[in-house]
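Every heavy atom of this structure was used, including side-chain atoms; hydrogens, water molecules and symmetry mates were not. In this text the structure is predicted, and so the values were computed from the model without any measurement. Here is how names work: the chains are called A, B, and so on, in the same order as the sequence lines, proteins then strands, and each is numbered from 1.
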Amino acid sequence: MRADNSVDQDQPEWDKERFTAYQKVLDEFQKYDNTAGVFVGNEVLNQGTSRSTHLRGMI
Amino acid sequence: MKQYRDQKRYRNIPVGYSAADIAQLRPMLQNYMACRPEPQERLDFFSLNSYEWCGSQADYATSGYSKLQNMTAGYNIPIFFSETGCNVPPPRTFDDQEAIFSPEMSDTWSGSIIYEYVQEANRYGLVSYGTPEAPK
């Protein structure tokens with residue numbers, strides 16, 4: 001997994017490690033009543049759709 | 001993440017995704033991420049990083065925004081522009097914002113975010129402060 005936890009779209013991993021990292025972000029930002037939303041990804045799927053089930057799993 | 005949020009009884013913070021504007025993929029991806037009967041299997045919002053509106057001569061029809069609107073009318077979840085701001089050719093006039101909030105689009109789109117606040121090497125910034133980055 002990349003050090004900055006960004007998703008490599010050729011080898012996406014939605015594993016416990018990434019899920020835990022995402023959880024920690026939400027754990028922290030949910031404390032603020034002005035947190036407007038969170039993104040499960042930005043521009044992850046740019047070529048082809050073979051990884052789309054992986055992306056939807058992150059929702 | 002939505003299941004985790006709900007299990008922890010956190011506030012119902014919207015969980016979404018921001019997509020690159022790739023014409024061959026986006027309409028399908030938009031639907032794939034949103035058209036599920038179970039709320040926990042679909043996004044709370046979808047957003048688009050769009051740099052189609054370029055130059056001071058562009059308008060709703062020529063910019064491609066009318067096509068974006070056609071492909072999105074009737075969408076089942078909120079959608080907005082998570083990034084906007086083609087900066088070539090200069091000057092950057094922000095006319096796309098007027099279109100997004102116009103009658104043609106404002107019933108469908110929930111607003112727009114400008115890319116970006118701080119000036120960086122790629123020159124999309126609105127303000128600059130601190131030590132400037134060297135251009136690449």
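Pairing each heavy atom of Pro14(B) with each of Ala36(A), the nearest pair is CD-O, 3.3 Å. The two residues Tyr17(B) and Val44(A) come nearest to each other via the heavy atoms OH-N, 2.9 Å.
Taken together through direct or relayed side-chain contacts under 4.5 Å among Ile, Leu, Val, Met, Phe, Trp and Tyr, Tyr75(B) and Leu45(A) form part of one hydrophobic cluster. Criterion: ILVMFWY side-chain heavy atoms under 4.5 Å apart, direct or through other members. Under it, Tyr10(B) and Leu43(B) are part of a common hydrophobic cluster. Cluster annotation: Val15(B) and Leu26(A) are assigned to the same hydrophobic cluster (Ile/Leu/Val/Met/Phe/Trp/Tyr, side-chain heavy-atom contacts under 4.5 Å, transitive). Side-chain heavy atoms closer than 4.5 Å link hydrophobic residues (I, L, V, M, F, W, Y) into clusters, and following such links, possibly through other members, connects Leu68(B) to Ile77(B). Clustering ILVMFWY residues whenever any of their side-chain heavy atoms sit less than 4.5 angstrom apart, transitively, puts Phe94(B) in the very cluster that holds Val127(B).
For the pair Tyr32(B) (side chain) and Arg56(A) (backbone), a donor-acceptor distance under 3.5 Å is absent. Looking only at distances, no side-chain donor or acceptor of Arg42(B) sits under 3.5 Å from a matching main-chain atom of Ile59(A).
Atom CG of Asn12(B) sits about 12.5 Å away from atom CD of Gln30(A), to the nearest 0.5 Å. One distance of note links CD of Glu83(B) with CG of Asn42(A); it measures 6.0 Å at 0.5 Å rounding. One finds the OG atom of Ser82(B) at 5.5 Å from the CZ atom of Phe39(A) (value rounded to the nearest 0.5 Å). Once rounded to the nearest 0.5 Å, the distance linking CD of Gln24(B) with CG of Asn46(A) reads 11.0 Å. Separation of atoms CE (Met33(B)) and CG (Leu55(A)) is listed at 3.5 Å; rounding is to 0.5 Å. Note that OH of Tyr4(B) is 3.0 Å distant from CG of Asp27(A), once rounded to the nearest 0.5 Å.
Atom CD of Glu98(B) sits in a sparse spot, with 12 or fewer heavy atoms from other residues, nucleotides or ligands closer than 6.0 Å. For CZ of Phe101(B), the number of neighbouring non-hydrogen atoms (other residues, nucleotides, ligands) closer than 6.0 Å is greater than 12.
Considering only heavy atoms from C-beta on, Arg11(B) comes within 4.5 Å of Thr35(A) through its side chain. Inter-residue side-chain proximity for Val38(A) and Met1(B) is flagged as unmet; no heavy-atom pair is nearer than 4.5 Å.
Contacts of Lys2(B) with chain A are made by both backbone and side-chain atoms, with heavy-atom separations under 4.5 Å.
Interface remark: of the candidates Gly57(A), Gly37(A), Gly41(A), Gly41(A) forms the most heavy-atom pairs closer than 4.5 Å to chain B.
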